[in-house]
Protein chains: 2
Amino acid sequence: MRLAILGWLKEPDSFPPQDRPAHEVGVCLKHIQARAEVSQSTASQFMATLQRAGLVTCTRVGQFSHYQRNEEAIAAVARSVAIC
Amino acid sequence: MRLAILGWLKEPDSFPPQDRPAHEVGVCLKHIQARAEVSQSTASQFMATLQRAGLVTCTRVGQFSHYQRNEEAIAAVARSVAIC
DNA sequence: AGATCATATCGCAATATTGCGATTTAACGA
DNA sequence: TCGTTAAATCGCAATATTGCGATATGATCT
């Protein structure tokens with residue numbers, strides 16, 4: 001599931017419109033929750049886990065938390081898998 | 001742990017000698033168990049799991065089960081991770 | 001300040017995974 | 001055939017993960 005979310009974040013603008021454009025600050029948690037069809041707490045925890053793993057970054061703007069892929073870190077994981 | 005085993009199998013000849021050369025038929029379960037320092041049942045289950053996942057192949061010769069990496073399948077996994 | 005909206009955290013039940021000992025199956029040699 | 005060795009399977013306890021509802025925190029607006 002978290003993997004699916006990570007994939008969705010490749011097209012930030014495929015999410016509904018929001019105050020600040022998604023391709024700039026990331027996708028609002030609310031929208032991620034809606035697409036994932038999980039509870040708010042679960043969505044929040046998913047993103048917290050991804051953030052702890054370094055795979056996404058969080059930009060807070062006012063009351064909104066926006067999440068973006070950390071391409072650098074994701075590529076690093078891919079590289080480390082490639083040498084398995 | 002299973003990941004570590006998969007890595008060890010890249011150098012089959014780094015394991016102790018066995019009836020049939022490891023680079024031909026794969027590494028005997030016994031040797032994998034010894035290096036992993038787990039029980040026989042656990043080692044057997046690890047390899048069964050890797051085999052179900054398609055990441056290794058098993059060649060049985062007499063009473064010995066030999067395991068080899070399935071480079072094809074491993075590369076496929078790496079590729080699928082790369083597009084995350 | 002008080003109401004409201006967005007998110008984070010806590011505690012928990014359900015489920016999955018890990019690794020083991022005991023037992024079973026299978027192949028070999030005397 | 002009997003004893004031995006190698007490996008697979010069964011059942012289980014310990015631990016980890018998943019996802020939730022309830023609650024707490026924090027920002028915004030009136």
Side-chain angles (χ1 to χ4, degrees), chain A residues 1-9 12-70 77 81 84, chain B residues 1-9 12 15-70 77 81 84:
Chain A
M1 173 54 107
R2 266 161 290 200
L3 207 60
I5 295 175
L6 206 56
W8 299 340
L9 292 183
D13 293 326
S14 68
F15 288 84
Q18 52 188 41
D19 264 29
R20 301 279 297 274
H23 60 268
E24 276 178 18
V25 293
V27 178
C28 172
L29 179 67
K30 205 79 173 307
H31 297 147
I32 296 171
Q33 177 199 343
R35 189 175 294 185
E37 294 181 297
V38 295
S39 73
Q40 182 272 324
S41 72
T42 299
S44 177
Q45 275 180 115
F46 278 178
M47 301 319 293
T49 301
L50 286 173
Q51 200 181 352
R52 265 197 308 275
L55 300 177
V56 299
T57 57
C58 180
T59 308
R60 182 122 192 183
V61 178
Q63 15 177 191
F64 305 94
S65 285
H66 304 87
Y67 293 93
Q68 270 177 309
R69 288 164 58 91
N70 181 351
V77 169
V81 168
C84 277
Chain B
M1 172 56 107
R2 266 162 289 202
L3 208 59
I5 295 176
L6 206 56
W8 298 340
L9 292 183
F15 287 84
Q18 52 189 40
D19 264 29
R20 301 279 296 274
H23 61 268
E24 276 178 18
V25 292
V27 178
C28 172
L29 179 68
K30 206 69 176 314
H31 297 146
I32 297 171
Q33 178 198 343
R35 188 175 293 186
E37 294 182 295
V38 295
S39 73
Q40 183 272 324
S41 71
T42 298
S44 177
Q45 275 181 116
F46 278 178
M47 300 319 293
T49 300
L50 286 173
Q51 200 182 350
R52 264 197 307 276
L55 300 177
V56 299
T57 58
C58 179
T59 309
R60 182 124 191 179
V61 178
Q63 14 175 195
F64 305 94
S65 285
H66 304 87
Y67 292 94
Q68 270 178 308
R69 288 164 58 91
N70 181 351
V77 169
V81 168
C84 278

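Letters A, B, ... are given to chains in the order of the sequence lines, protein chains preceding strands, and every chain is numbered from 1. Quick caveat: nothing in here was measured; it's all calculated off a predicted structure. Only heavy atoms go into these numbers, but all of them, side chains included; no hydrogens, no water, no symmetry mates.
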- Message: On the nucleotide D:dT17, are OP1 or OP2 found under 4.0 Å from the side-chain N or O atoms that A:R2 carries?
- Response: no
- Contiguous Watson-Crick or G-U pair runs (3 or more, under 3.5 Å) in DNA chain C: C:1-30 with D:1-30
Rounded to whole angstroms, how far apart are [atom1] on [X] and [atom2] on [N]?
X     : N      : atom1 : atom2 : result
B:D19 : C:dC28 : CG    : P     : 10 Å
A:R20 : D:dT28 : CZ    : C1'   : 16 Å
A:L50 : C:dA8  : CG    : C1'   : 15 Å
B:I5  : C:dT18 : CD1   : C1'   : 13 Å
B:M1  : D:dA16 : CE    : P     : 16 Å
A:L3  : D:dT17 : CG    : C1'   : 16 Å

- Item | Partner residues of A:T57 under the side chain to side chain donor-acceptor pair (under 3.5 Å) criterion, sequence neighbours left out | none
- Query: Residues in side chain to side chain donor-acceptor pair (under 3.5 Å) with A:R20, at least two apart?
  - Reply: none
Using the test side-chain contact (heavy atoms from CB on, under 4.5 Å), find all partners of [X] that sit at least two apart in sequence or belong to another chain.
X     : answer
B:A22 : B:P12, B:D13, B:Q18, B:V27
A:Q40 : A:L29, A:Q33, A:S44
B:P16 : B:H31
A:Q63 : none

- Item | Residue pairs fulfilling salt bridge (Lys or Arg N to Asp or Glu O under 4.0 Å) with at least one residue in residues 57-69 of chain B, sequence neighbours excluded | B:R69-B:E71
- Task: Go along nucleotides 2-13 of chain D 5' to 3' and tag each nucleotide: B for a protein heavy atom under 4.0 Å from its base, S when only backbone or sugar atoms are that close, - otherwise.
- Result: ---BSBBB----
- Message: Measuring only between side-chain heavy atoms, which start at C-beta, is B:D19 closer than 4.5 Å to B:V61?
- Response: no
